[in-house]
Amino acid sequence: MTGSGLHRRAALGLMAGGLAASAGACARPDDGVTRLSLWAMGNEGAATPALLEEFHRLNPDVRVTVQALPWTAAHEKLLTAYAGDSLPDVSQVGNTWIAEMTAIGAATPVPADADDIVAGGFDSVMETNRVGGRLMGAPWYVDTRLVFYRTDLLSRAGYDAVPRDWTGWKRAMHAVKRTAGDGNYAILMPVNEFEQLLTFGLQTGEPLLRDNDSRGNFSSPAFVSALAFYKSLFDEGLAPTMSATQISNVWDEFSRGFFSFYFSGPWSVGDFRRRLSDAMQANWATVGVPGPDGPGASAPGGSSLIVFDSSPRKEAAWRLVRYLSQVDTQARFNALTGNLPAKVDAWDVAGIRGDDKLAPFEGQLERAVPVPKAPEWERVVTEMQVVAERMVRGEYTPETAGVEIDRRADRLLEKRRWMLDQGRAV
């Protein structure tokens, strides 16, 4: 093993052995065909081979092997493959992983002459792909969370639309709860999920981390106000103090009125259409998330494509990424998977703007605010959720919860501060 390989194992703290080399790294016959390996996760891994038929027709000198990975194992497998010098040429990654892939030196920047790959996307999603002023990935599909709600119960409560600010929304939730009757609530916010509180926190206009993303900013008055609003929904009986595992069937509970508002993403639109009864189909809709003083922000999500620095086939790899980033290709990808295209023009080609349940996601994506790009962010947000649950159960006030989240975040970011003090890029 090379010295650099040993260094990577030590840096990542991984066990020796790694994973077997990907198909793209194996010896191949010299037949003039460039063979690329592409890793894709979940539903995308199953759908991508059909999408590549046209690419192979247009590029007979390139052949792509797709390896499908479950999302639950993908992050660890990427790190293990990096340590074992066995990364693929191209991989789908969650947008929040890009900073980490960049920090360890795995990703290669989008070429300066490849503007067409990334042009025409949502600004907030593009920003999640920019690290240190460089674009490190190409958005493949996008998502964000907004509010699914019961139109019939809202109407019976005296509202013809969801109010767009926190005060009006809470007032409407109280009215909906009264309409739904005893034993029911207004909104479902599982206490083992961080996304709802993160959404409220992003709406305050203050950064969640400070000092070059090296310290928490959760005890700021702005984030404490988000904690207070979040906690009030439980304190006032509008949300049940339950985890996701305590909800046996989201669609059944939504149908019977146990809750009338629900945070989720575009993947749930298909679920609601398949799982709700025909009679319920006219009784639900989606709307952008209310904010403190009007329509609020949310976090931009989705997946991007990165080319790894270790690939000896970068020209062909970027050719593949360019094809997957084209408007027509992304429209076909939407038909195969239901994923929302990263290119705005593809929304028209795919007919998404004519879908009343999906169209509100465009406005929400335009208001989205990127999360911090520290590689430790996913661990920080997990600690935020743990403290928030304890706050809901009475262990903390919003003020003391903010201080505790900062304490935990600062501990996780200790190495980042050290590297910054040493003048090293992170």
Taking atom types as modelled, is there a side-chain donor on [X] or [Y] under 3.5 Å from an acceptor on the other?
X      : Y      : result
Gln67  : Ser37  : no
Ser260 : Tyr149 : no
Thr108 : Lys314 : no
Glu315 : Trp318 : no
Glu100 : Trp377 : no

Donor-acceptor under 3.5 Å ([X] side chain, [Y] main chain):
X      : Y      : value
Lys343 : Ser325 : yes
Thr102 : Ala107 : no
Trp169 : Val162 : no
Tyr82  : Ile104 : yes
Thr151 : Ala285 : no
Asp61  : Thr34  : no
Arg145 : Ala299 : no
Asn212 : Ser214 : no
Arg417 : Asp410 : yes
Arg332 : Ala50  : no

For residues [X] and [Y], report the shortest heavy-atom separation together with the two atoms involved.
X      : Y      : value
Ile117 : Ala138 : CG2-CB, 3.6 Å
Val289 : Arg367 : N-NH2, 4.4 Å
Leu208 : Leu202 : CD1-CD2, 3.9 Å
Phe122 : Val142 : CE1-CG2, 4.2 Å
Ala317 : Val90  : CB-CG2, 3.6 Å
Ala226 : Thr204 : CB-CG2, 4.1 Å

[Y]/[X] salt bridge by N-O under 4.0 Å criterion:
X      : Y      : answer
Asp406 : Arg215 : no
Lys170 : Glu236 : yes
Arg393 : Glu389 : yes
Arg407 : Glu404 : yes
Glu127 : Arg130 : yes
Asp213 : Lys373 : no

Output the distance between atom [atom1] ([X]) and atom [atom2] ([Y]), rounded to the nearest 0.5 Å.
X      : Y      : atom1 : atom2 : value
Met242 : Phe258 : CE    : CZ    : 4.5 Å
Trp97  : Ser91  : CH2   : OG    : 8.0 Å
Glu376 : Lys415 : CD    : NZ    : 8.5 Å
Leu340 : Thr144 : CG    : OG1   : 10.0 Å
Phe361 : Arg353 : CZ    : CZ    : 15.0 Å
Asn334 : Leu358 : CG    : CG    : 8.0 Å

Among Phe218, Phe229, Tyr230, whose ring pair (Phe, Tyr, Trp, His ring centres under 6.0 Å) with Phe223 holds?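 The option that passes is Phe218.
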Ring geometry between Phe272 and Trp251 (parallel below 30°, tilted from 30 to 60°, perpendicular above 60°):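 Ring orientation of Trp251 relative to Phe272: perpendicular.
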Please work out whether the ring planes of Phe200 and Trp166 are parallel, tilted or perpendicular, with thresholds of 30° and 60°.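 Phe200 vs Trp166 ring planes: perpendicular.
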Between Gln385 and Asn192, does a side chain to side chain contact (heavy atoms under 4.5 Å, CB included) hold up when you go through it step by step? CA-CA 7 Å; Gln385 175 269 316; Asn192 62 332; 4.2 Å; yes
Decide yes or no for [X] and [Y]: does some side-chain heavy atom of the first lie under 4.5 Å from some side-chain heavy atom of the second?
X      : Y      : answer
Thr286 : Pro266 : no
Pro360 : Val287 : no
Gln203 : Thr199 : yes
Phe259 : Val250 : yes
Phe55  : Val62  : yes
Ser298 : Leu146 : no
Glu362 : Val344 : yes
Met384 : Val381 : yes

Checking Tyr396 against Lys231 for the side chain to side chain contact (heavy atoms under 4.5 Å, CB included) test, could you report, in this order, the C-alpha distance in whole Å, the side-chain angles of both residues, the deciding distance, and whether it holds? CA-CA 10 Å; Tyr396 298 106; Lys231 184 174 185 294; over 6 Å; no
Asp211, CG atom: more than 12 neighbouring heavy atoms under 6.0 Å: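 Yes - once you tally the heavy atoms of other residues, nucleotides and ligands closer than 6.0 Å, there are more than 12.
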Kindly determine whether Asp89 and Val64 satisfy side chain to side chain contact (heavy atoms under 4.5 Å, CB included), including the steps that lead there. CA-CA 10 Å; Asp89 299 290; Val64 183; over 6 Å; no
Stepwise, does the side chain to side chain contact (heavy atoms under 4.5 Å, CB included) test hold for Phe333 with Gln326? CA-CA 10 Å; Phe333 195 44; Gln326 291 174 350; over 6 Å; no
Is there a side chain to side chain donor-acceptor pair (under 3.5 Å) between Glu378 and Thr96 once you walk through the steps? CA-CA 8 Å; Glu378 291 198 2; Thr96 57; 2.6 Å; yes
Checking side-chain contact (heavy atoms from CB on, under 4.5 Å) between Phe254 and each of Leu276, Asn283, Asn249, which is the one that passes?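 It is Leu276; the other options fail the test.
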